[in-house]
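Here's the structure, in structure tokens; my notes come after.
Naming: A, B, ... by sequence-line order, numbering from 1 per chain. Here the structure is a predicted model, which is why all the values come from computation and not from measurement.
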Amino acid sequence: EVQLVESGGDLVQLGGSLRLSCAASGLTFSIHWMSWLRQAPGKGLEWVANIKGDGSEKFYVDSVKGRFTASRDNAKRSLYLQMDSLRVEDTAVYYCARLNFPDYRYFDLWGQGTLVTVSS
Amino acid sequence: DIVMTQSPLYLPVTLGQPASISCRSSQSLLHSDGNTYLSWFQQRPGHSPRPLIYKVSNRDSGVPDRFSGSGSGTDFTLTISRVEAEDVGVYYCMQGTLWWTFGQGTKVEIK
């Protein structure tokens, strides 16, 4: 079965750090662009970051640039999001997703999400 | 940034009847490569988003044919030909032409 499973979400203090993980199975992980997206409680979806299959290219939404870092370990079929200097507005469910790129430029496989809560 | 605007934000529907959701972008989604990268997602209560449509009108794997997408330029529509109970949820449009941005979502409920 093709699936993505996120972990690492937690309650963290304002200004703190957290590292999310996403374990992939059933797909040739290393060839795919992967992404992080988030959804604040009761709100819509927001793209956060993309990382190329070999990790050589990364892109971020402006609001997280300089604070969040996406990385991957293809040998472990895992994707990561290091989140530093966390703000209250970073509170959200974070989803790992496969990005169909460059052909269709959309997220064609999603994980179940992991909740990050930033407390002041 | 490209802003995506959906309407309506709330859509009560009757089982077996058609339903349509509109999505407008703040600028054309026609990419320099000739493609238009507009997709649709369904999010059922308590679940993660599910891809429905990509590149305006292409159904994702396993998506029932009662779902269809249309449009061009800045105006797009998701249509459900005959609403079923399992279609309840929030629907999002998303553009992938210039980075990736989503509409606010349209909540579909049964009358």
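Under the 4.5 Å side-chain heavy-atom criterion for ILVMFWY residues, a single connected hydrophobic cluster contains both A/Leu86 and A/Leu115. One hydrophobic cluster, built from ILVMFWY side chains closer than 4.5 Å, cannot hold both A/Tyr80 and A/Leu4; they sit in different ones.
Taking a 6.0 Å sphere around NZ of A/Lys76, one finds it holds 12 or fewer heavy atoms contributed by other residues, nucleotides or ligands. The environment of B/Asn58 atom CG is dense: over 12 non-hydrogen atoms of other residues, nucleotides or ligands sit within 6.0 angstrom. Annotation: B/Arg59, atom CZ; neighbour count of heavy atoms from other residues, nucleotides and ligands within 6.0 Å is above 12. Residue B/Arg82 places its CZ atom among 12 or fewer non-hydrogen atoms of other residues, nucleotides or ligands, all under 6.0 Å distant. Atom NZ of B/Lys107 sits in a sparse spot, with 12 or fewer heavy atoms from other residues, nucleotides or ligands closer than 6.0 Å. Counted within 6.0 Å of CZ on A/Phe59, heavy atoms from surrounding residues, nucleotides or ligands total more than 12; the atom is thus considered enclosed.
In this structure, B/Phe41 and A/Phe107 have tilted ring planes: the angle between them lies in the 30° to 60° band.
Looking only at heavy-atom pairs under 4.5 Å with chain A, the residue among B/Pro51, B/Gly96, B/Ser39, B/Pro49 that has the most is B/Pro49.
If you run side chain to side chain contact (heavy atoms under 4.5 Å, CB included) between A/Arg105 and each of B/Gln95, B/Met94, B/His31, B/Lys55, only B/His31 comes through.
Atom-to-atom distance recorded for B/Ser61:OG and A/Leu109:CG is 11.5 Å, nearest 0.5 angstrom. Here the OH atom belonging to B/Tyr54 is positioned 9.5 Å from the CG atom belonging to A/Asp108, to the nearest 0.5 angstrom. Of the inter-residue distances, the one linking B/Phe102 atom CZ with A/Gln39 atom CD reads 9.0 Å to the nearest 0.5 angstrom.
The shortest distance between side-chain heavy atoms of A/Leu99 and B/Trp100 falls below 4.5 Å.
Between A/Tyr106 and B/Asp60, the side chains place a donor N or O and an acceptor N or O closer than 3.5 Å (distance only, hydrogens not considered).
Contact of A/Asn50 with chain B is made through the side chain alone, with heavy-atom distances under 4.5 Å.
Annotation for A/Leu45 and B/Tyr92: closest pair CD1-CD1, 3.7 Å, computed over non-hydrogen atoms. Of all non-hydrogen atoms in A/Tyr95 and B/Ser48, the two that sit nearest each other are CE2-CB, 3.3 Å.
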